[in-house]
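None of the values given here were measured: they were computed from a predicted structure. In what follows, every chain begins at residue 1, and chains take the letters A, B, ... in the order their sequences are listed. Quick note: numbers below take in every heavy atom, side chains included, and nothing from hydrogens, waters or symmetry partners.
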Protein chains: 2
Amino acid sequence: MDDGVDRPRWLSKEEDRAWRGYRRMQLLLNRQIARDLARDAGLSEADYDVLSNVSEAPGGSMRLTELARHMRWSKSRLSHHITRMEQRGLVVRGEVASDARGSVISLTDRGLETIRQAAPGHVESVRRHFVDLLTPAQLAAFAEISWTVVDHLLEAEP
Amino acid sequence: MDDGVDRPRWLSKEEDRAWRGYRRMQLLLNRQIARDLARDAGLSEADYDVLSNVSEAPGGSMRLTELARHMRWSKSRLSHHITRMEQRGLVVRGEVASDARGSVISLTDRGLETIRQAAPGHVESVRRHFVDLLTPAQLAAFAEISWTVVDHLLEAEP
DNA sequence: GACGGGATGTTGACATGACAACAACCGTAG
DNA sequence: CTACGGTTGTTGTCATGTCAACATCCCGTC
């Protein structure tokens, strides 16, 4: 009677509730955060992440590949995105003395000013729609869960 | 000394860990689930959700607006997506007797067959990268958290 | 039985991100 | 000092999603 294909282990009610909750939360939460950010600072979440990561880098700049690795973006995605942000005057590509292929990303004054202006509102938005809705225990549990999932995925794709 | 602008309530270490964990998990988890689904069934997550929702609808079909409301998609997004899925022969738009503007979405035989073939593998993928990594208590906590966030967002945008 | 406000879908323009193919360059074995 | 495998970034192409503007149609009113 065994045709060689295991019978699917469908999700239990609780498992399904968790998964659907994740998907739904993601849809609504990302949309809201993105709207807030776009309205208040004219940035996308991706823009914000790039500005944020570069500004926190030692020396205020980072090699493209290093930044991509740090953000877990593909080099392609980052390159495209940097091109667009460069056109808006938020970042610049610099050359690397030690490697002619290299490209160093750094913020323009405008980029720096933009992230400084945007940060408080963005944090407030994250609080309003997420952080402040949860108890410290829930936040801790959530952090634990998400990093567990992340670590697992990074084992396969280091 | 008060210039009218509150000092930003930056995230605490734990809060930051939770938020960054969420963002990172999302990036990696969605990418992995999407890849599995694309490889195994030639579907995007969006495709899967549409097929899934329509197939579960009473009568196996749903009005476009109702489906959009159900999925929390904009009518525009759904309309565009249905157009693409229709071109691939997965769904069809039917007319509504009671309303000349109306459009009823239903699956083609191919669409039905596709979701049936895809479901087991997709569930397995969700288990492998998410559900099976967590304890029942964690799953319960996660579900609670996500629906709390969802409910809050739905208050503003019903 | 025509009007006006609201609902239903569609469309166009544009920003994103994924994947794969490339061009250029580095460094090391020989 | 040359060939070659690996690295750094870039680019083209295509599928998605967003927003805003529309074209149609329905319905309660007057």
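A side-chain donor-acceptor contact under 3.5 Å links B/Arg93 and B/Thr83. With hydrogens and angles left out, the side-chain atoms of A/Asp47 and A/Ser44 include a donor and acceptor closer than 3.5 Å.
In this structure, B/Thr65 does not reach the C/dA7 phosphate: none of its side-chain N or O atoms is under 4.0 Å from OP1 or OP2.
Nearest-nucleotide mapping onto DNA chain C: of B/Ser76 and B/Leu27, the residue sitting toward the 5' end is B/Ser76.
In this pair, B/His80 lays its aromatic ring flat on the base of C/dT11, centres within 5.5 Å and planes under 30 degrees apart. Stacking annotation: A/His81 is not stacked on the base of C/dT16 (requires ring centroids less than 5.5 angstrom apart and an interplanar angle below 30 degrees).
Within residues 85-100 of chain B, the residues that place at least one heavy atom under 4.0 Å from DNA chain D are, in residue-number order, B/Asp99, B/Ala100. A heavy atom lying under 4.0 Å from DNA chain C marks none of the residues of residues 38-50 of chain B. Using a 4.0 Å cut-off on heavy atoms, the residues of residues 102-116 of chain B that approach DNA chain C are B/Gly102, B/Ser103, listed by number.
The residues A/Arg31 and A/Glu45 are annotated as not salt-bridged, no charged nitrogen and carboxylate oxygen being separated by less than 4.0 angstrom. At a threshold of 4.0 Å, the pair A/Glu113-A/Arg110 does not count as salt-bridged, since none of the basic side-chain nitrogens sits closer than that to a carboxylate oxygen. A salt bridge does not link A/Arg69 to A/Glu66: none of the charged nitrogens lies less than 4.0 Å from a carboxylate oxygen.
Counting heavy atoms from C-beta on, the side chains of B/Val104 and B/Met62 never come closer than 4.5 Å.
With hydrogens and angles ignored, a donor-acceptor pair under 3.5 angstrom links the side chain of B/Arg101 to the base of C/dA7.
Contacts of A/Thr83 with the nucleic acid, taken as non-hydrogen atoms under 4.0 Å apart, are absent.
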